[in-house]
Protein chains: 2
Amino acid sequence: MEDGTSKFPGHCGDTGDDYGVLQWDTREDCEVRQILDRVADKWSLLVIALLDRRSLRFTELRRQIDGVSQRMLTRTLRHLERDGLISRTVHPTVPPRVDYELTPMGATLHDTIRTLVTWTEEHQNEIAAARAAYDARALAEQEAAERESAARDALARDVLAGGR
Amino acid sequence: MEDGTSKFPGHCGDTGDDYGVLQWDTREDCEVRQILDRVADKWSLLVIALLDRRSLRFTELRRQIDGVSQRMLTRTLRHLERDGLISRTVHPTVPPRVDYELTPMGATLHDTIRTLVTWTEEHQNEIAAARAAYDARALAEQEAAERESAARDALARDVLAGGR
DNA sequence: CAGTATCCAAGCAGATACTG
DNA sequence: CAGTATCTGCTTGGATACTG
């Protein structure tokens, strides 16, 4: 068995001192932060997105999610099942068949996830541009530093040569 | 230097075969998937949420985000800056002062993130209940298996005892 | 088919020490 | 103050082999 979050940290969002929007940021081991980590997980997002279309079996999921190992897929599915976001139904046939599908709660999660995905799609060009600009700036700075260093070395050599 | 995503995978969302909502799931190294991983990062979420309130300096962020090391905070800030989600302004004073704030794009991201946080807050009880139910079920199954195994052992002992 | 179990490598992340 | 640099443990995750 591979454990799986044995600690129950307790709430931290109802302390009453709500000075704006969030209180979940200060405390570590906040339950909201834990759930967020689970939900914002790389594979979880993909699984939920895929299952929103229709229920899928293990191998179908595995094929559709490029790059996932069966270990990670299994883990992800167990976690989502434990959190009540997906349901797992085993058909006692030979060979065995297992179907995964979103629970109602999982479906509501997908709605909010989709806004995140949509945001990403809409801004991917802007982000790519920002990265390119950042990298270009960093490169320019680095080259400037190298030129300066080279100039300093040359100067030092000249001084030494003139001094002898 | 600590590198920082040197590969540019190129788009994968405009293939045209859009049979529903998503195409970004199949291919690994999809740009959307990468951005999503960055954006859905544990610390990124917290930083963006905090900076939405007001701009903050390095140490203020560090104090408000419980559990982050300065290494991770620095990395997160650099990544977000590179992606054009936050801006970094250095005030040439002594001691130095650096302010971080959301860019307009970062602010739009916070809007979508907030829906995710809200979802989490609204469902944390339901999720906790689902976990408890799952764990209880798993425990029950395990105990049942142990009882069965014990019964089998007892039967075997009886058979042996009767056979001599 | 749908996993579980095990081993092992790479990278993530914390602690510490040092710098402009 | 706001970092960078380095060392290192530990988790994450892939590959492989095996089971019901």
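Computed from a prediction, not measured in an experiment: that's the story for all the values here. Numbered from 1 within each chain, the chains take letters A, B, ... in sequence-line order.
The CD-C1' distance, from E60(A) to dC1(C), rounds to 12 Å in whole Å. Summarising the geometry, the separation between CE on M72(B) and C1' on dT8(D) is reported as 13 Å, rounded to the nearest angstrom. A straight line from CG of L73(A) to P of dG14(D) spans 11 Å, rounded to a whole angstrom. The CG-C1' distance, from D99(A) to dA2(C), rounds to 12 Å in whole Å. If you take CZ of F58(B) and P of dG20(C), they are 18 Å apart, rounded to a whole angstrom. Note: CZ (R78(B)) to P (dA5(D)) measures 11 Å, nearest angstrom. Rounded to a whole Å, the CG atom of L46(A) is 13 Å from the P atom of dG13(D). Per the geometry, CG belonging to D37(A) stands 15 Å off P belonging to dC12(C), to the nearest Å.
Within the 4.5 Å cutoff, the side chain of R114(B) has heavy atoms near those of the D52(B) side chain. The shortest side-chain heavy-atom distance between L56(A) and Y100(A) does not fall under the 4.5 Å cut-off. Counting heavy atoms from C-beta on, the side chains of Q70(A) and L61(A) never come closer than 4.5 Å.
Contact record, V68(A) with M72(A): CG2-CB, 3.9 Å, taken as the closest heavy-atom pair.
S69(A) meets the side chain to side chain donor-acceptor pair (under 3.5 Å) test with no other residue; sequence neighbours excluded. With sequence neighbours excluded, the residues satisfying side chain to side chain contact (heavy atoms under 4.5 Å, CB included) with T59(B) are R63(B). Annotation: salt bridge (charged side-chain N to carboxylate O under 4.0 Å, His left out) contacts of D37(B) (sequence neighbours excluded): none. With sequence neighbours excluded, the residues that form a side chain to side chain contact (heavy atoms under 4.5 Å, CB included) with V90(B) are R88(B), V98(B). Every side chain to side chain contact (heavy atoms under 4.5 Å, CB included) that T76(B) has, sequence neighbours left out, goes to D41(B), W43(B), S44(B), V47(B), L80(B). In this structure R57(A) satisfies the side chain to side chain contact (heavy atoms under 4.5 Å, CB included) test together with E60(A), R97(A), D99(A), sequence neighbours excluded.
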Got a list of protein N/O to nucleotides 15-17 of chain C N/O distances below 3.5 Å?
{"unit_1": "dT16(C)", "atom_1": "O4", "unit_2": "Q70(B)", "atom_2": "NE2", "d": "3.0"}

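Contacts of R62(A) with the nucleic acid, taken as non-hydrogen atoms under 4.0 Å apart, are absent.
The overall bend of the helix from dC1(C)-dG20(D) to dG20(C)-dC1(D), read as the angle between its terminal helix axes built from five base pairs each, is 50° when rounded to 10 degrees.
A heavy atom lying under 4.0 Å from DNA chain D marks none of the residues of residues 85-92 of chain A.
Closest to the side chain of V98(B), out of dA2(C), dA13(C), dG3(D), is dG3(D).
Within the structure, ring-ring contact (aromatic ring centres under 6.0 Å, His included) pairs that include any residue of residues 120-144 of chain B comprise W119(B)-H123(B) (at least two apart or interchain).
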*asked:* Let's go through L45(A) and R33(B) carefully: what are the C-alpha distance in whole Å and the side-chain angles of both, what is the deciding distance for side-chain contact (heavy atoms from CB on, under 4.5 Å) to 0.1 Å, and is it a yes or a no?
replied: CA-CA 10 Å; L45(A) 288 174; R33(B) 259 171 73 170; over 6 Å; no

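Regarding contacts with the backbone of dT4(D), every side-chain N or O of R75(B) stays at 4.0 angstrom or more from both OP1 and OP2. Note on Y100(B): every side-chain N or O is 4.0 Å or more away from OP1 and OP2 of dC1(D). In this structure, T59(A) reaches the dA2(C) phosphate: one of its side-chain N or O atoms is under 4.0 Å from OP1 or OP2. In terms of phosphate contacts, R57(A) brings no side-chain nitrogen or oxygen within less than 4.0 Å of OP1 or OP2 of dC1(C).
DNA chain D is contacted by both P96(A) and D41(A); D41(A) maps to the nucleotide lying nearer its 5′ end (nearest heavy atom per residue).
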